[in-house]
Number of protein chains: 2
Amino acid sequence: MPARIEDVAAHAGVSTKTVSRVLNGVPSVRAKLRARIEASIRALSYVPNASARSLAGNRSHLVALLYDNPMAGSSYTMELIVGVLQACKGTPYNAVLHPFDAGEDLAARIDGFVAQHRPDALVLVPPHANNAKLLQRLDELDIPYSTISSKLRQSRIDVGFDERRAAAEIVGHLVSLGHRRIGHIAGLQGHGARTWRLSGYRDALRKAGVAYDESLVVEGDFAFASGVAGARALLDRRRPPTAIFAANDDMACGVMREAYDRGLAIPADLSVCGFDGTPVSQLISPGLTTVHQPCRELGCLAAESVLRSIRDPAGPQQARVPYQVLLRASTAAPGKP
Amino acid sequence: MPARIEDVAAHAGVSTKTVSRVLNGVPSVRAKLRARIEASIRALSYVPNASARSLAGNRSHLVALLYDNPMAGSSYTMELIVGVLQACKGTPYNAVLHPFDAGEDLAARIDGFVAQHRPDALVLVPPHANNAKLLQRLDELDIPYSTISSKLRQSRIDVGFDERRAAAEIVGHLVSLGHRRIGHIAGLQGHGARTWRLSGYRDALRKAGVAYDESLVVEGDFAFASGVAGARALLDRRRPPTAIFAANDDMACGVMREAYDRGLAIPADLSVCGFDGTPVSQLISPGLTTVHQPCRELGCLAAESVLRSIRDPAGPQQARVPYQVLLRASTAAPGKP
DNA sequence: TTTTATGTTGACAGCGCTGGTACTTTTGAC
DNA sequence: GTCAAAAGTACCAGCGCTGTCAACATAAAA
């Protein structure tokens, strides 16, 4: 049977209330006494019972990460989770993970989840982060939350990175290599990521003085197969692009597959770049030029920010974390036409 | 403020205890009354407070998944998590995730974790699943646990799949294509997976009547770079292998990278196969022949088994789930020598 | 019919902790 | 030495639920 607060109090010769004060970081405990109590805590390997604490204190010390039902191998979600857990380390907070698929009764299911676990804060991942109804419900419930890459102003605390600028930068790299006919496979309609990346693509072309050719942009849905299809469409053109910027790495892999099937060499015959910096981008050959999305940092920062806002509620915060453009072997100057 | 059990009791005109019985599936409640109470629960959108439940009932309704600090993009862990969460769905149980790095005081940290959250059951992932000391400690604490692919007999409930047979099968495929000089890049020393996959490789050779050549087996550590290095070593031989079986997909990608750098065509000049069936195996070109490790099913089954064992403690169980050999384009008959 | 066994329900204490109130002791400033 | 503020104690209620056990209802057996 693990030690209880009462045992610690007896061991240190103080009242349980004082131990409780130490546990909760209440300042009005003299350093010397605090040290003695902390010693007793260690001596007895005391760890407060989370349930009792949560029940009595009306604080659960829980941060809930609400994400969509991840598709197979979503390293994005995994990385976010790792980041959130990292942020909790060293704090009294713990993370609860909960996948929610975006169904009609989402708000109701969230209500149930909140009633059950009473998280002190929530971290929302796209697409939930972009669900206005959901955010409104959370505002009603008055639970602090942060969002990752929300495109909604409604979200008070949001962390993300400048996808548009990142996309512009990577396309700018293609331009600087000499590419002028650059295809783009866009992301799924309705996703913020689609819009930002597409905007960045256009920004880069504009900056380079290259006319925007709508027919060089084909639809995708972030999945491998749509990358294959998109590449097929682009490469079947009378004048195919010399480079393709796919809105994520999986689709970029699709482009590489289509190139492989056609016997096109990358980057000699076609330059390819992706977005996200998923593990596959370095495993594939040639290595994929891409933008590394700092998932771990995002998760960590989102959790930290929302936890901070519990102590002192602040106004809206929009944090942007730095990204990295990874130049690898899938891009090169265009071959002779 | 969410509804409490007392509200439900009042709404249904019964005592709180009876509501509690319904919530906990105690059979001695008449069907009619049960239905009425269930209606009240729905009417009030009542969800029991997890903390109160856990405190009073001395059961947390929590399954803890203890995994190693995942390296970047460990889709293995992610898939397991998804499987465990899936198993919890529809049960009153929830999952807590906790990464533990394998340090000296691991057992102590686990103790602390257990004291804090009081999980009703644990699911252990390798390498923790193979940590005899840890299992012993859990036995002492008398907490039910299940392991995924533990090689230890000590583990009472273990789920896994027959890695040895799977490895033999995929190497057998290479043999049937006509390969005789088949290289192997082994996994990290000390991992069960290394041993089983290597054994399977040898089994397949033996069965085919091909003499085992120790020099065709090189060391790896499951990481991409070691796959590159392993391939380099194998391909530098006077008579290089016509096929390479890497102990996991990441290393197989490393082999493909080395082949790419040398201008070797896959599968024309070299057949490659991996193990695990990670997402990268289908994103890469050519598609990688591999064994799909049923992670999700493993996680799900591990959680289900251990939850079942809470109700009726049973003897040791060793469940094996089916795997799948995915034949893709990275393997073909050896080219003319 | 009464008795006994069994099934069904309720009253109440208490899980381990924190919040609050009321009170005592210590500390430091003057 | 006085006095106010700070630091600490003592005590109790109560968070929302479940376990225990007793009470009652019903059905089976005598």
Side-chain angles (χ1 to χ4, degrees), chain A residues 1-38 40-41 44-62 92 94 112 114-120 310, chain B residues 1-38 40-41 44-62 92-94 112 114-118 120 310:
Chain A
M1 214 55 193
R4 287 160 312 157
I5 195 169
E6 176 184 339
D7 304 325
V8 176
H11 186 274
V14 297
S15 71
T16 60
K17 185 71 230 212
T18 307
V19 178
S20 171
R21 287 201 186 93
V22 171
L23 293 174
N24 292 287
V26 174
S28 73
V29 179
R30 247 184 312 243
K32 201 165 174 180
L33 188 54
R34 174 182 300 271
R36 199 169 87 217
I37 293 173
E38 278 167 350
S40 296
I41 289 176
L44 300 178
S45 309
Y46 170 71
V47 183
N49 178 311
S51 302
R53 231 182 168 184
S54 153
L55 183 59
N58 205 28
R59 278 174 291 110
S60 61
H61 291 285
L62 245 36
N94 263 283
V114 168
Q116 191 180 6
H117 294 286
R118 303 294 156 87
D120 293 337
I310 293 175
Chain B
M1 215 52 195
R4 288 159 311 158
I5 196 170
E6 175 184 339
D7 303 326
V8 176
H11 186 274
V14 297
S15 73
T16 60
K17 182 66 223 194
T18 306
V19 178
S20 169
R21 289 203 180 88
V22 171
L23 292 173
N24 292 286
V26 173
S28 74
V29 178
R30 246 188 305 252
K32 202 164 175 181
L33 188 54
R34 173 182 300 271
R36 199 168 88 217
I37 293 173
E38 279 167 348
S40 296
I41 289 175
L44 301 177
S45 309
Y46 170 71
V47 183
N49 178 310
S51 301
R53 232 181 169 185
S54 153
L55 182 59
N58 205 27
R59 278 174 292 109
S60 61
H61 291 285
L62 245 37
Y93 287 87
N94 262 282
V114 168
Q116 190 180 6
H117 293 286
R118 306 291 156 88
D120 293 337
I310 292 175

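Within every chain, numbering begins at 1; the chains are lettered A, B, ... in the order of the sequence lines, protein sequences first and strands thereafter.
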Discussion item. Using a 6.0 Å cut-off, check whether atom CG of A/Asn24 has over 12 heavy atoms from anything other than its own residue.
Written reply: yes
Minimum heavy-atom separation for [X] to [Y], with atom names?
| X | Y | value |
| --- | --- | --- |
| B/Val29 | B/Arg34 | CB-NH2, 3.7 Å |
| A/Pro92 | A/His61 | O-CB, 3.5 Å |
| B/Val19 | B/Ala9 | CG2-CA, 3.7 Å |
| A/Arg118 | B/Pro2 | NH2-CG, 3.4 Å |

Practice prompt. Using a 4.5 Å cut-off on heavy atoms from C-beta on, say whether the side chain of B/Ser20 contacts that of B/Ile5.
Written response: yes
Discussion item. Is the shortest side-chain heavy-atom distance between A/Arg53 and A/Leu23 below 4.5 Å?
Written reply: yes
Worksheet item: With nearest nucleotides of DNA chain C determined for A/Ala52 and A/Arg59 from heavy-atom distances, which residue corresponds to the more 5′ nucleotide?
Response: A/Ala52
Fill in: Atom pair OG (A/Ser54) and CG (B/Leu55), whose distance is rounded to the nearest 0.5 Å
9.5 Å
Worksheet item: Which nucleotide of DNA chain C is the first, and which the last, in the 5' to 3' direction, to come under 4.0 Å of a heavy atom belonging to chain A?
Response: C/dG16 to C/dT27
Worksheet, complete the sentence: Atom CZ of B/Arg4 and atom C1' of D/dT18 are separated, to the nearest Å, by 16 Å
Worksheet entry | Length of the line joining B/Leu55:CG and D/dG19:P, which is rounded to integer Å | 12 Å
Fill in: Residues from residues 13-21 of chain B lying under 4.0 Å of DNA chain C - heavy atoms
B/Val14, B/Ser15, B/Lys17, B/Thr18, B/Arg21
Worksheet entry | Sugar-phosphate only, base, or nothing, as touched by A/Ile5 at under 4.0 Å among non-hydrogen atoms | sugar-phosphate
Discussion item. Mind checking if B/Asn49 touches a base, just sugar-phosphate, or nothing, with heavy atoms under 4.0 Å?
Written reply: sugar-phosphate
Worksheet, complete the sentence: What residues 22-36 of chain B contributes to the DNA chain D interface at heavy-atom separation below 4.0 Å is B/Asn24
Item to complete: Output, in order, the C-alpha distance, side-chain angles, deciding distance and verdict of side-chain contact (heavy atoms from CB on, under 4.5 Å) for A/Asn94 and B/Gln116.
Response: CA-CA 11 Å; A/Asn94 263 283; B/Gln116 190 180 6; 3.6 Å; yes
Item to complete: Determine, step by step, whether A/Leu33 and A/Arg21 satisfy the side-chain contact (heavy atoms from CB on, under 4.5 Å) criterion, reporting the C-alpha distance in whole Å, the side-chain angles of both residues, the deciding distance to 0.1 Å, and the verdict.
Response: CA-CA 11 Å; A/Leu33 188 54; A/Arg21 287 201 186 93; over 6 Å; no
Practice prompt. Given side-chain contact (heavy atoms from CB on, under 4.5 Å), test B/Arg36 with B/Val14 step by step and report yes or no.
Written response: CA-CA 10 Å; B/Arg36 199 168 88 217; B/Val14 297; 3.6 Å; yes
